[in-house]
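Some notes on the structure that comes next.
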Amino acid sequence: MVNVGVNKIATQAGNIRLMNNLEADLRDRLNKKPILLMTHLVLGYPSLDTNYEVIRQMAENGVDCIEMQIPFSEPMADGPIIVAANQKSLSKGITVEDSFQFAERVIKEFPQVNFLFMTYYNIVFRYGEERFIKRSTDIGIKGFIVPDLPPEEGETYIRISKEHGMAPIQFFTPTSSDERMREVAAIGGGFIYCVARRGVTGTKLELDTDLVQYLQRCRAATELPLAVGFGISSREDIQMLTGKVEMAVIGTATIRLVDEKGADKVASFMKKLQ
Amino acid sequence: MVNVGVNKIATQAGNIRLMNNLEADLRDRLNKKPILLMTHLVLGYPSLDTNYEVIRQMAENGVDCIEMQIPFSEPMADGPIIVAANQKSLSKGITVEDSFQFAERVIKEFPQVNFLFMTYYNIVFRYGEERFIKRSTDIGIKGFIVPDLPPEEGETYIRISKEHGMAPIQFFTPTSSDERMREVAAIGGGFIYCVARRGVTGTKLELDTDLVQYLQRCRAATELPLAVGFGISSREDIQMLTGKVEMAVIGTATIRLVDEKGADKVASFMKKLQ
Amino acid sequence: MKKGYFGQWGGMFVPEILHETFMQLIEAYEAARADSTFWQEYLEVMANYSARPTPLTYAHNLTKHFGGAQIYIKREDLNQTGAHKANNVMGQGLLVKRMGKKRVIAETGAGQHGVATATMAARFGFECVVYMGEEDVIRQRPNVFWMEKLGAKVVPVRDGARTLKDAINEAFRDWVTLMDSTHYVLGTVCGPHPFPEMVAWFQSIIGQEARRQIIDQHGKMPARVYACVGGGSNAIGVFQGFLDEDVELVGVEAGGKGLDTGQHASRMKGDRAAPGVTQGYKTMFLQNKDGQMIDTHSIAAGLDYVGISPILADLGEKGRVRFEAATDTEVLDALTLTMRTEGVIPALESSHAFVQAFKEAPNMSPDEAIIINMSGRGDKDIFTIAKAYDDPSWKEFIISQADGFRK
Amino acid sequence: MKKGYFGQWGGMFVPEILHETFMQLIEAYEAARADSTFWQEYLEVMANYSARPTPLTYAHNLTKHFGGAQIYIKREDLNQTGAHKANNVMGQGLLVKRMGKKRVIAETGAGQHGVATATMAARFGFECVVYMGEEDVIRQRPNVFWMEKLGAKVVPVRDGARTLKDAINEAFRDWVTLMDSTHYVLGTVCGPHPFPEMVAWFQSIIGQEARRQIIDQHGKMPARVYACVGGGSNAIGVFQGFLDEDVELVGVEAGGKGLDTGQHASRMKGDRAAPGVTQGYKTMFLQNKDGQMIDTHSIAAGLDYVGISPILADLGEKGRVRFEAATDTEVLDALTLTMRTEGVIPALESSHAFVQAFKEAPNMSPDEAIIINMSGRGDKDIFTIAKAYDDPSWKEFIISQADGFRK
Ligand SMILES: Cc1ncc(COP(=O)(O)O)c(C=O)c1O
Ligand SMILES: Cc1ncc(COP(=O)(O)O)c(C=O)c1O
């Protein structure tokens with residue numbers, strides 16, 4: 001195994017754990033602020049130009065990670081807004097190649113942000129797992145979020161990702177047993193994406209006792225940073241999460257904002273959040 | 001058995017056969033002309049007034065028998081023209097009572113004609129067999145033609161008819177075996193209605209060898225007068241039959257004539273036939 | 001008793017020209033009946049071509065819903081072409097083969113018997129003509145479509161009320177013309193002898209199976225058996241399994257808009273029918289005092305007929321079969337409940353039997369069983385049912401289909 | 001081999017949130033499979049509720065017509081709801097009962113699987129939601145009508161191509177929300193493990209019966225078995241009876257307007273499909289070079305799908321199953337011939353199997369037999385078939401029905 005960009009970290013239990021680039025970067029940032037911010041967008045929706053503008057405003061307003069979703073025709077795990085964005089992007093003809101080229105450009109221009117690819121497994125599979133991961137590494141992508149690739153099916157993908165110092169982001173969910181969480185955490189890298197609730201993306205949730213308990217379970221299961229999103233749209237939402245998880249995820253909210261008010265409003269929205 | 005109006009006749013084989021009123025009358029007429037004429041009409045079609053006018057012209061032009069069809073809703077053995085006539089008559093509201101009253105009137109006014117009722121069995125059955133036959137006798141009807149009442153089912157009807165000196169006309173058909181013809185003839189009275197061909201009323205037929213042979217079979221099976229119709233519409237048709245059967249039947253032709261040219265034309269049509 | 005009579009009912013009132021045809025038919029039928037290989041062949045055909053025996057489904061949900069008798073459903077809907085009509089036509093088809101005829105004709109009202117006959121004709125290689133009242137041709141277009149695709153010629157009948165009885169008349173008119181080559185496949189246990197007896201024989205397969213099945217499943221005879229009654233063939237079919245037993249037999253007629261409205265087709269229940277003779281047989285007919293047949297009405301096209309089997313008229317007169325009537329509205333309610341609780345879709349005809357069973361089941365003991373004969377499946381009735389439910393999306397669908405054609 | 005894999009195909013590509021749900025499902029399924037009383041119960045349900053065993057009809061007319069192999073037709077059309085889909089849903093229904101869940105969801109394209117699921121849900125007393133592409137809701141209104149009447153909620157899916165694959169996605173979205181109460185009744189041998197294996201197991205009832213029946217009737221194994229292939233469930237169902245024998249297995253895909261037109265749904269025949277992973281499993285998908293699924297076309301809605309069972313992909317790759325394709329036009333011709341000669345009406349899907357059998361039968365020996373799996377009945381397809389035949393009276397009928405509604 002070529003341990004490109006992987007640091008060693010001492011676990012609470014005193015063991016040595018490998019920490020990849022992304023995790024190391026997030027830990028650095030966490031030294032400077034109590035909670036990080038990850039945002040999401042669908043490449044090509046409403047256009048690559050708008051994506052660029054949105055990313056610029058995010059980058060200039062303290063966003064730590066951006067998941068760029070390469071659109072797929074069967075976005076099984078997404079909610080209606082993101083599904084529609086995937087379709088519209090595809091119907092305009094965006095290709096995987098377009099996504100790579102665009103990613104390469106923004107990664108270069110906004111080095112202060114960790115960029116991740118979010119997509120479905122068929123995109124990776126068809127491109128060729130190794131080739132996809134290699135090219136992503138080459139252009140500076142830090143990790144992958146592939147919701148329809150569970151660890152059991154993703155052995156090769158995880159192995160190759162790690163070989164390239166890539167974070168194959170894994171999921172915790174409210175239905176995961178403690179045991180399953182530990183299993184998944186052992187495989188994951190970068191951070192753990194904690195799915196806040198049953199269901200697909202896009203609905204607002206209360207930070208109720210169930211959710212708090214769930215996040216406690218997540219925390220107990222891993223030492224990786226935790227990211228969580230549940231329809232966050234205000235500074236208060238984020239403050240509530242501080243101390244519970246390491247990163248707040250803004251999912252559908254920015255897409256909705258850009259749809260309704262235009263890309264210009266992203267900067268002020270990001271500012272208001274922090 | 002009350003042998004009202006029944007004459008004895010010596011058969012060719014030397015037996016004694018009972019001959020009813022109608023047969024006796026027909027035999028009388030046959031002494032004066034070589035072939036008799038029977039016509040048909042549907043009571044109430046197009047109206048009783050027209051029926052009256054048609055009957056008058058027939059009576060005054062040498063018609064020997066008239067079958068007056070009491071309309072029925074299910075005229076199973078009739079062809080399209082007569083079926084339609086039945087329906088139109090009924091839809092104008094003609095009843096069995098109307099038919100009786102009308103019959104009574106024409107029988108009185110045109111004593112030179114033998115009137116028969118033609119109808120389906122349900123009309124007789126619902127009226128009450130005995131009552132129907134009795135009233136028909138009382139008003140001077142000479143016989144009945146009931147195509148859906150085979151001799152096996154008509155035992156009571158035949159018995160009562162005969163008791164009243166009524167002719168329960170029976171049928172020979174091209175599908176009847178010689179044996180069946182003899183059987184039926186033994187039961188019948190008045191004359192035998194020879195169905196000229198397979199099928200329902202109303203289609204023109206050639207007097208071909210098949211038909212000639214069939215009529216020979218009919219003749220051999222009975223000494224009752226034979227009546228036959230097969231779309232007769234001219235003097236030639238009738239002349240062809242002369243010597244083969246005793247009576248020619250004009251069925252659909254008059255209905256069609258009245259439909260197309262009006263009741264006035266009946267007299268001349270009848271004249272032309274003879 | 002005279003041949004072809006059931007008590008005072010039945011007979012063979014046919015025009016003389018069909019006398020020989022009937023003699024031949026009776027001879028062929030009696031020979032077949034006396035020949036046990038015929039019935040064996042019939043059973044094999046029904047098993048190989050039409051999924052017989054059809055199940056006797058235990059309706060546990062309906063049973064629970066009513067909390068009375070154990071409810072069993074005899075599944076004639078699972079026959080080839082979706083109704084008990086298959087039993088009759090396949091039987092007659094075998095007989096036609098024996099008689100060496102090559103052409104069959106049939107009347108049809110709802111179109112079910114027409115489709116079944118067309119199917120049989122295709123399978124046996126017969127030419128097939130189906131007579132159908134023009135009204136019915138228009139109303140039952142899907143069935144007409146299938147008959148034609150199955151190779152049958154469908155002739156619209158424009159006489160009379162242009163419905164079933166007129167189609168029967170017209171079929172007879174065909175038969176008196178082409179009797180030498182043709183067999184008339186009558187669709188129910190009506191008409192002249194030997195049809196009632198013969199059709200009842202073929203349909204007895206339902207009762208024979210149901211009898212075995214209820215003993216297997218319930219351990220004893222049912223208390224009651226329910227069947228809808230149009231001409232009466234499915235009813236007689238199932239009843240024959242239980243005639244000699246202490247089982248109450250209930251025939252359910254079409255109550256239409258109510259027995260007091262005049263818009264129904266109830267011959268035995270109510271007092272509008274009277275003895276009569278037409279279409280070749282004597283039975284209770286819906287007729288006026290002159291003996292003219294009157295218009296009938298039912299939401300179920302297959303029950304919309306003026307006469308009833310002479311066998312049922314007799315069993316009714318003797319008190320062996322009890323008759324009831326179900327109204328159009330009751331029928332839709334029973335259909336709805338049956339679909340939701342058991343997942344089966346009875347034909348509108350069959351739903352009549354369900355109505356009466358549902359009325360009585362609650363008052364019976366859980367120790368008793370009842371059988372409802374589900375004579376056919378309801379998906380054939382979609383146009384009628386969707387209209388009856390006044391389903392807005394269906395309307396939209398039909399309108400958009402029509403607009404597609406208009407383009 | 002890894003669990004859930006067939007050669008390189010299959011797998012269980014599900015979002016993490018469904019991990020536990022799948023573990024439970026696999027456990028329940030494996031327990032059922034290990035418990036012989038489960039299969040016994042399944043056989044009883046299928047016999048009591050759905051007329052199984054379905055017949056293997058000897059098609060003597062078609063056999064004579066082609067003058068080659070003896071043609072047998074396996075009659076899945078005689079199932080409850082008119083297709084083999086019943087086998088799968090009733091099996092899954094029994095499993096749901098075991099798991100103690102109270103709600104089922106399903107995707108449906110043509111609507112057949114939706115109707116079957118709605119039926120099952122009514123019978124087992126489950127709440128039922130069916131996801132259906134909006135396009136299909138519009139095209140298949142009759143099935144939507146019945147699902148609703150059976151008590152199911154039909155949810156039109158407005159994403160993507162608004163057809164089957166989108167309905168599957170939407171069903172998964174429901175499942176990831178309500179997995180605790182809900183079982184997703186997948187309609188074919190696709191999707192993540194254990195669905196392919198499980199559905200194949202339930203459908204194996206077809207092959208088990210057919211195997212017994214052909215030996216009974218023909219005295220030996222058939223030479224070939226034909227089945228249409230959408231997802232592949234009816235094909236795998238019947239093939240399983242013959243996998244270990246020297247019997248050629250032929251899967252017939254939707255050739256649509258021709259394999260060279262791009263308007264078809266052939267994954268194995270032709271070269272437009274490629275390995276891919278989506279909707280939870282790995283198989284040959286019709287997709288572009290980026291991995292985006294492409295639009296498919298078939299006259300038969302049930303074959304109009306981008307993927308194929310991983311089991312069939314494997315059997316195809318290994319050469320155990322030969323794949324062919326039938327075009328829309330060929331399908332209508334085969335349907336016409338089958339209706340006219342045998343009196344049965346195969347579904348448009350099933351007619352694909354007939355096409356290929358008809359191409360090959362003439363060149364086979366009368367000593368050989370072939371089985372065509374008639375997966376369903378065609379009367380469900382009347383709107384499509386009548387349109388395809390361009391039937392003028394049907395148009396008139398629909399227009400007059402529409403005018404009736406417009407009043
Ligand atoms: C499904 C069904 N049930 C019942 C009937 C009524 O006929 P019968 O009383 O002869 O069973 C019909 C007639 O078309 C029918 O289609
Ligand atoms: C009658 C029929 N046959 C075949 C199919 C195709 O499915 P499968 O390939 O899973 O048998 C369908 C699907 O709806 C169907 O309804």
Side-chain angles (χ1 to χ4, degrees), chain C residues 47-51 53-58 61 75 77-82 118-125 138 141-142 144-146 148-151 217 335-336 339-345 379-380 382-383 385-387 389 391 393-406, chain D residues 47-51 53-58 61 75 77-82 118-125 138 141-142 144-146 148-151 217 335-336 339-345 379-380 382-383 385-387 389 391 393-406:
Chain C
N48 189 255
Y49 189 63
S50 184
T54 58
L56 181 71
T57 300
Y58 175 54
N61 300 316
R75 301 291 302 283
D77 61 304
L78 293 172
N79 264 302
Q80 163 75 355
T81 75
T119 294
M120 177 275 277
R123 175 77 175 168
F124 283 116
I138 293 168
R141 177 59 61 181
V144 174
F145 178 79
W146 293 122
E148 289 177 349
K149 290 299 155 212
L150 287 159
Q217 295 180 46
L335 173 60
T336 304
M339 289 193 284
R340 301 225 161 186
T341 50
E342 296 293 351
V344 296
I345 307 177
D379 43 354
K380 70 171 180 69
I382 188 162
F383 284 92
I385 296 179
K387 210 182 259 175
Y389 280 122
D391 187 80
S393 337
W394 176 257
K395 287 186 195 173
E396 237 172 68
F397 168 67
I398 293 298
I399 289 173
S400 82
Q401 288 272 324
D403 290 345
F405 289 142
R406 281 205 180 90
Chain D
N48 189 255
Y49 189 64
S50 186
T54 58
L56 181 70
T57 300
Y58 175 54
N61 300 317
R75 301 291 302 282
D77 61 305
L78 292 172
N79 265 302
Q80 162 76 354
T81 75
T119 295
M120 176 276 276
R123 175 78 175 168
F124 284 116
I138 293 168
R141 176 58 62 182
V144 174
F145 179 79
W146 293 122
E148 289 176 349
K149 290 298 157 214
L150 287 160
Q217 294 181 46
L335 173 61
T336 304
M339 289 193 286
R340 302 228 160 183
T341 50
E342 297 292 350
V344 296
I345 307 176
D379 42 354
K380 69 170 181 71
I382 188 163
F383 284 91
I385 296 179
K387 210 182 260 175
Y389 280 123
D391 187 79
S393 337
W394 176 257
K395 287 186 195 173
E396 236 173 68
F397 169 67
I398 293 298
I399 289 172
S400 81
Q401 288 272 325
D403 290 345
F405 288 141
R406 281 205 180 90

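Chain naming here is simple, since letters A, B, ... match the order of the sequence lines and numbering starts at 1 in each. Keep in mind the model is a prediction, meaning the values are calculated, not measured.
For a residue to count as touching a neighbouring chain, one of its non-hydrogen atoms must lie under 4.5 Å from one of that chain's; by this rule D:Val144 does not touch chain C. Contact of D:Ser393 with chain C is made through backbone and side chain together, with heavy-atom distances under 4.5 Å. Heavy-atom distances place both the backbone and the side chain of D:Ile385 under 4.5 Å from chain C. Both the backbone and the side chain of D:Asp379 come within contact range of chain C, judged by heavy atoms closer than 4.5 Å. With a threshold of 4.5 angstrom between heavy atoms, D:Tyr49 approaches chain C through its backbone and through its side chain. With a threshold of 4.5 angstrom between heavy atoms, D:Ala51 approaches chain C through its backbone and through its side chain. With a 4.5 Å cut-off on non-hydrogen atoms, D:Asn79 touches chain C through its backbone but not through its side chain. In this structure, the portion of D:Arg75 lying under 4.5 Å from any heavy atom of chain C is its side chain and not its backbone. For C:Ala118, no part lies under 4.5 angstrom from a heavy atom of chain D. Within the 4.5 angstrom heavy-atom criterion, only backbone atoms of D:Ser50 (N, CA, C, O) approach chain C.
Among residues two or more places apart in sequence or in another chain, the side-chain contact (heavy atoms from CB on, under 4.5 Å) test is passed with D:Asn48 by C:Thr57, C:Tyr58, C:Gln217, D:Arg123.
Looking only at heavy-atom pairs under 4.5 Å with chain D, the residue among C:Tyr389, C:Trp394, C:Phe124, C:Trp146 that has the most is C:Trp146. For the set D:Thr119, D:Asp403, D:Ile138, D:Leu78, the count of heavy-atom pairs under 4.5 angstrom toward chain C peaks at D:Leu78. Your options are C:Glu148, C:Arg406, C:Lys387, C:Glu396, and the one with the most heavy-atom pairs under 4.5 Å with chain D is C:Arg406.
Here the CD-CD distance, from C:Gln401 to D:Gln401, works out to 11.5 Å after rounding to the nearest 0.5 Å. Rounded to the nearest 0.5 Å, atoms NZ (D:Lys380) and OG1 (D:Thr81) are 11.0 Å apart.
Annotation for D:Pro142 and D:Phe383: closest pair CG-CE1, 3.5 Å, computed over non-hydrogen atoms.
Taking 4.5 Å as the limit, some side-chain heavy atom of D:Ile345 sits within range of a side-chain heavy atom of C:Leu150. C:Ile398 places none of its side-chain heavy atoms less than 4.5 Å from the side chain of D:Phe397.
In this structure a side-chain-to-backbone donor-acceptor pair under 3.5 Å is present from C:Gln80 to D:Gly343.
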